[in-house]
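Quick caveat: nothing in here was measured; it's all calculated off a predicted structure. Each chain gets a letter, A, B and so on, in the order its sequence line appears, and its residues count up from 1.
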Amino acid sequence: MSRFGEVDDQYDPHALEQRVFDYWDDVDAYEQTVEHRSDGESFFFVDGPPYTSGSAHMGTTWNKSLKDVYIRFLRMQGYDVTDRPGYDMHGLPIETKVEEKLGFENKKDIEEFGEENFIQECKDYADEQLEGLQSDFKSFGVWMDWDNPYRTVSPEYMEAAWWGFSKAADRDLVEQGHRSISQCPRCETAIANNEVEYEDVEDPSIYVKFDLEDREGSIVIWTTTPWTIPANTFVAVDEEGDYVGVRAEKDGEEELLYVAEAKHEDVLKEGRYDDYEVVEELTGEDLLGWSYEHPLAEEVPDHVDGEGVFEVYAGDYVDTHGSGTGLVHSAPGHGEEDFYRGTELELPIFCPVGGDGVYTDEAGKYEGQFVKEADDEIMADLEANGALLASGTVNHSYGHCWRCDTGILQIVTDQWFITITDVKDELLDNIEDSEWYPQWARDNRFRDFVEEAPDWNVSRQRYWGIPLPVWTPEDRDDDEDMIVVGTREELAERVDQDVDPEAVDLHKDTVDDLTITEDGTTYTRVPDVFDVWLDSSVASWGTLDFPSDDSRFDELWPADLILEAHDQTRGWFWSQLGMGTAAMGEIPYDKVLMHGHALDEDGRKMSKSVGNVVEPDVAIERHGSDAMRMFLLSANPQGDDMRFSWDEMGTMENHLRTLWNVFRFPLPYMRLDGFEPSETDLESVDDDLELVDEWVLARLQATKAEMTEHLEAFRQDRALEALLEFVVEDVSRFYIQAVRERMWDEEDSGSKTAAYATIYRVLRESVTLLAPFAPFVSEEIYGTLAGEADHDTVHMEDWPAVEEYWVDEQLEEDVALLRAIEEAGANARQQAGRKLRWPVPRVVVAADDQRVVEAVERHTTLLEERLNAREIELVSPDSQWGELDYSAEADMSELGPAFGGRAGEVMTALNEARIEETTLEALEEAVSDVLEDDESITEAMVSFVTETPDGVAGTAFGLDNDDRGVVYVDASLTEDIESEGYAREVIRRVQEMRKDLDLDVEERIALDLAIDDDRVADLVSEREALIREEVRADELGDLEVDNGARKEWEVEGVMMEIALEPLAAADASK
RNA sequence: GGGCCAAUAGCUCAAUCAGGUUGAGCGCCACUCUGAUAAGGUGGAGGCUCUCGGUUCAAAUCCGAGUUGGCCCA
């Protein structure tokens, strides 16, 4: 890219991006940029590793775009940023994908296939997915260390997990325990609560009578899981709830039933009783200690037994007004709450169900059946035993395995835990050490979650994961005397077998058979692998390959910034806090930027089944990577979800097109004049700068300040908005318009050079500011503007600093006022029906304050040009323009307190009043109808507003909804104005014809005019010199057009025929 | 079922914290400009500010209840 070289006429994002990719390759742009900052202050960013199944969707694309914009911004601010991307590659999702691929149905198939082979298949699959993600991320210009990502399956990363876990064990936070967990019976493993997905399903809904011992009657419970009845251990009630004893009659038989008072009607209706009577009113407390008989005592002979079982206890999870009966069937073997309460009551924990969801021999009659399939038989048996009060079905949400969609079961098994509940206070304290954007996410959601978090079950009975580094004595499998290995080196030292710490892979197949023998005891490994959430929880040191590489840990850890979507509150934000606290006693990150999810155009989540997914590559295809990134980055990154919008993305492409036009406009002139920015910088042309140059430079300073502030507050959307406002409104629509004529000047002039230097500086800094957002187009523009002494890539530039010298807030306001006046003037012109091409004799600016007067006085000429006015007349604030009427605008903050409920009515009257002088007396007179005797209008309540008089068009102008004056356009015609107007009409049409003929700008022509109206023809001929000059016509007269064009036009109702031909052609034809 | 967040023009969002006549950009329509030209300018249409209550002289804004959507949890 040579300086001021030829560029595409049109912004073509695809060709441009391809060129930039090639260019980046050629000059090693990324590597140079990283190297350029290698001496800078360290900034430790940690990438939340995406899971390697599936490809990048709009959400991940948004996430990576955000990371990219902040990494680039930080680099430009001088930081040496850690930018190693990561990939989360273990876990059940990949296992189930591979199982599907291989046609497996359960664990047996895997065992037959061979653990080692299966692990290899999973590894291959994850690697393949990783490649896909890498190329997706690269495709929209994300600059991270793609050659060296951290992978959770690498030995050094797995070691980081072992190390963290062993540190937690050192702090006595690792234990093995008998716990109620969610089990997927197909995957035959525990799954985390946040891996449970809830779906609506139809389940049995049964009411069961438990006959009371030592007294008449039964208590009634309700459940949707008949299969848990065999494990019933106790019944829970609300101690403070109201219950009733009901004598109910059905088919001539009477029963005494106990249920919650609030539910007794519902329950009896379900049971289709003929009649009933409340015979007893009691509280939950009265029921405590009542004993009952197990309804399936015969079918399940080995049912739970012991002191205190089959009794009524208080339980705080009971709701006497919710669904059910107010008495809750409790089976500690099949429910978390039941488990905790059962443990508290020191009742036995009975779970006659295996990890595969099949009843064990403890389930008696039901042994060998899959639990859900035993529901019918259990209900039949209850019926036969006279215990079934009612049965039906219910539609409710029930947990399913996130991967294979199998209904989960609550069972009790032996699992390994990090007992984070032991350090709950430390966790809550540590939260305070992190800064969140937005802060409510930390103080509400995150805090709530941490407060309620149970111990972390980290063990999974699966294959594709990091093996638990736990060895237990051969004859036992609990946490007594366990050995936790922290590093590969330690492993090599302690195991009985030969292990090369450099080469060992650490996956299950390689460590399963390793044993440790110490003090005469042989230890074997616990066969479980880690919950995949544990993998990413150690990313803050895994990224650094710590502990195997300890060169950077002390300097960098903890992370300065992490940046993920809000689902990670319960995911990575949490797992890192838990692991960081358990292992290190600290939160492993300082700042969190939490963004939302990408929703579709209707605000629903994108989902494959709904078919509303927008693929990032389709978006890139339609609008280019830069436009897509800018769209994504224009969304608030703090908590809110983003609604996808093709329109908005298209708008971003339009803005880039505008930037492209702004950029390419001055190039030919600069090239022609040999403008050399390294010799002619802004400072050297200072004396020749015109006001508009100083203004655009002042706006540039304000834009830089604003952007920096927003980016530092993690509001890149506002930073981008500020930049686009500057480029589109200030540079394109105002500055370029204002300097065009200076650039067309064929003579060398100080003014022209000053304009070059100004626009050069503006463009250079604008693309530098844009670079983090739209790295491709910024690079190409920068490359065209930059010289030998500049960097190879815009991304090596320093973030542009505010230069105090050019800051000029007063000038900014001046021009803002002028632009407001101009805009109002254009409006008034249109109302008066006068095109801009036709001059108007005068424009009157009625200023409300001295600032407006100053602004107009300093820029009268500019205003005359812009509004095509022969004269600008200024009416100062202390005088009034004679022809005006007035009305009043009410200030509600004054009116409200004064008039109370009638304030609205008074406001309307004031708005509608018409008076000839701006006095309160006149105004009060005009609104006397709505005023009571003792009421008056005060100065503070109103501001007077001018009303347009007849024959003159007027439009108010102001800043930020604050009126500052009115512009009146006097559009009356004189002969001179008509002459110029018609001449301009002719010129415009000749120009258009020149253009149609593709004539060079410099080319001379011969011109012929035939105008149907003599008066108009005379008026036009008065301006012949002007026409000749503007259209470069050397000859005027009769033309036989051979080599040119002839066309008829209608101008303001007058027909005119115009013919022209290039002079070279005209000569040839003679 | 619970917690958090959101709901304002056809679309994307401001204005909500500190109550005072709802704004911008995009899109649409009309007009206009023409040496950036698949650009530019001006105007117009388009809002019971999700609903229902409450507080207040005054509510998009504060409070309560609900509806819809999103995330998380059960």
Query - Residues in ring pair (Phe, Tyr, Trp, His ring centres under 6.0 Å) contact with A:His597, at least two apart in sequence or another chain - result: A:His566
Query raised in the report: When you compare B:rC17 with B:rC5, how far apart are their P atoms, in angstrom units rounded to a whole number?
Result: 15 Å
Report summary line: Winner on side-chain proximity to A:Ser645, out of B:rC11, B:rU21, B:rG3, is B:rC11
Query - Range-with-range stems of RNA chain B (Watson-Crick or G-U pairs under 3.5 Å, three or more in a row) - result: B:1-7 with B:67-73, B:10-13 with B:23-26, B:28-32 with B:40-44, B:50-54 with B:62-66
Query raised in the report: When the C1' atoms of B:rA14 and B:rU22 are considered, how many whole Å apart are they?
Result: 10 Å
Query raised in the report: Taking atom NZ of A:Lys605 as the centre, does the number of heavy atoms from other residues, nucleotides or ligands within less than 6.0 Å exceed 12?
Result: no
**Report entry** Distance between P atoms of B:rA65 and B:rC71 (Å, rounded)
**Finding:** 24 Å
Requested in this report: Using the P atoms only, state how far B:rG19 lies from B:rA60, rounded to an integer number of Å.
Outcome: 13 Å
Requested in this report: Kindly state which residues belonging to residues 633-640 of chain A come within less than 4.0 angstrom of RNA chain B, counting heavy atoms of the residue only, listed by number.
Outcome: A:Asp640
Query raised in the report: Taking CH2 from A:Trp222 and C1' from B:rG1, how many angstroms apart are they, rounded to a whole number?
Result: 11 Å
Query - Residue-phosphate contact under 4.0 Å: A:Arg643 side-chain N/O, B:rU12 OP1/OP2 - result: yes
Query raised in the report: Expressed in whole Å, how much space separates the C1' atoms belonging to B:rU51 and B:rG69?
Result: 15 Å
Query raised in the report: Do A:Arg341 and A:Glu337 meet the salt-bridge criterion of a basic N to acidic O distance under 4.0 Å?
Result: no
Query raised in the report: Say you pick atom C1' in B:rC50 and the same atom in B:rC31; how far apart are they, in whole Å?
Result: 37 Å
Query raised in the report: Roughly, in whole Å, what's the span from CG in A:Leu723 to P in B:rG25?
Result: 17 Å
Query raised in the report: For the pair made of NE2 in A:His595 and P in B:rC4, what is the distance, rounded to whole Å?
Result: 23 Å
Query - Rounded distance in Å - CH2 (A:Trp440) to C1' (B:rG3) - result: 12 Å
Requested in this report: Starting at atom CD of A:Glu721, determine the distance to atom P of B:rA24, rounded to an integer number of angstrom.
Outcome: 13 Å
Query raised in the report: Which residue, A:Glu337 or A:Arg984, contacts RNA chain B at a nucleotide closer to its 5' end, judged by nearest heavy atom?
Result: A:Arg984
Query - Atom-to-atom span, CD of A:Glu451 to C1' of B:rG2 - whole angstrom - result: 15 Å
**Report entry** Any A:Arg740 side-chain N or O less than 4.0 Å from OP1/OP2 of B:rA36
**Finding:** yes
Query raised in the report: Quantified in whole Å, what is the P atom distance between nucleotide B:rA30 and nucleotide B:rG35?
Result: 24 Å
Report task. Take atom CH2 of A:Trp456 and atom C1' of B:rC73, then tell me their distance rounded to the nearest Å. Result -> 18 Å
Query raised in the report: Looking at residues at least two apart in the chain, or sitting in another chain, which of them share a side chain to side chain contact (heavy atoms under 4.5 Å, CB included) with A:Glu336?
Result: A:Ser180, A:Asn193, A:Tyr340
Query raised in the report: Do the rings of A:Phe449 and A:Trp574 sit parallel, tilted or perpendicular, given the 30° and 60° boundaries?
Result: perpendicular
Report summary line: Minimal heavy-atom distance between A:Met594 and A:Phe573, with the atoms involved, is CG-CE1, 3.8 Å
**Report entry** A:Trp838: partners by ring pair (Phe, Tyr, Trp, His ring centres under 6.0 Å), with sequence neighbours left out
**Finding:** A:Tyr982
Tabulate protein N/O versus nucleotide N/O from nucleotides 40-44 of chain B, keeping only pairs under 3.5 Å, one per line.
residue: B:rG40; atom: O3'; partner: A:Arg733; partner atom: NE; Å: 3.3
residue: B:rG41; atom: OP1; partner: A:Arg733; partner atom: NE; Å: 2.6
residue: B:rG41; atom: OP1; partner: A:Arg733; partner atom: NH1; Å: 3.0
residue: B:rU42; atom: O2'; partner: A:Gln830; partner atom: OE1; Å: 3.2
residue: B:rU42; atom: O2; partner: A:Gln830; partner atom: OE1; Å: 3.2
residue: B:rU42; atom: O2; partner: A:Gln830; partner atom: NE2; Å: 3.1
residue: B:rG43; atom: OP1; partner: A:Asn827; partner atom: ND2; Å: 3.0

Report task. Apply the test ring-ring contact (aromatic ring centres under 6.0 Å, His included) to residues A:Phe446 and A:Trp436: give CA-CA distance (whole Å), side-chain angles for both, the deciding distance (0.1 Å), then the verdict. Result -> CA-CA 10 Å; A:Phe446 195 52; A:Trp436 288 49; 4.6 Å; yes
Report task. Output all residues satisfying ring pair (Phe, Tyr, Trp, His ring centres under 6.0 Å) with A:Phe644, sequence neighbours left out; order by chain, then residue number. Result -> A:Phe631, A:Trp646
Query - Phosphate-side-chain proximity, A:Gln10 and B:rA38, N/O vs OP1/OP2 below 4.0 Å - result: yes
Query - Length of the CD-P vector between A:Glu648 and B:rA9, whole Å - result: 14 Å
Report task. List the protein contact pattern of nucleotides 66-71 of chain B with one symbol per nucleotide (5' to 3'): B for base contact, S for sugar-phosphate-only contact, - for none; contact means a heavy-atom distance under 4.0 Å. Result -> ---SSB
Query raised in the report: If only side-chain N and O atoms of A:Arg988 are considered, is one of them under 4.0 Å from the OP1 or OP2 phosphate oxygen of B:rU34?
Result: yes
Query raised in the report: Salt bridge check: are A:Asp266 and A:Lys263 linked by an N-O gap of less than 4.0 Å?
Result: yes
Query - Flag if over 12 foreign heavy atoms under 6.0 Å of CD, A:Glu709 - result: no
Report summary line: Contacts of A:Phe663 meeting ring pair (Phe, Tyr, Trp, His ring centres under 6.0 Å) (sequence neighbours excluded), chain-then-number -> A:Trp660
**Report entry** Sequence-distant partners of A:Val990, side chain to side chain contact (heavy atoms under 4.5 Å, CB included), two or more places apart
**Finding:** A:Val986, A:Arg994, A:Ile1005, A:Leu1007, A:Val1031, A:Ile1058, A:Leu1060
Query raised in the report: Looking only at atom C1', what distance separates B:rG2 and B:rC29, rounded to whole Å?
Result: 50 Å
Report summary line: Of A:Glu336 and A:Thr651, the one whose closest nucleotide on RNA chain B sits nearer the 5' end is A:Thr651
Query - Any donor-acceptor pair under 3.5 Å from A:His595 side chain to A:Gly639 backbone - result: no
Report summary line: Applied to residues 720-730 of chain A, the salt bridge (charged side-chain N to carboxylate O under 4.0 Å, His left out) test, sequence neighbours excluded, yields A:Arg699-A:Asp730, A:Glu729-A:Arg733, A:Glu729-A:Arg819, A:Asp730-A:Arg819
Query raised in the report: Which residue pairs pass the salt bridge (charged side-chain N to carboxylate O under 4.0 Å, His left out) test with at least one member in residues 646-662 of chain A, sequence neighbours excluded?
Result: A:Glu653-A:Arg657
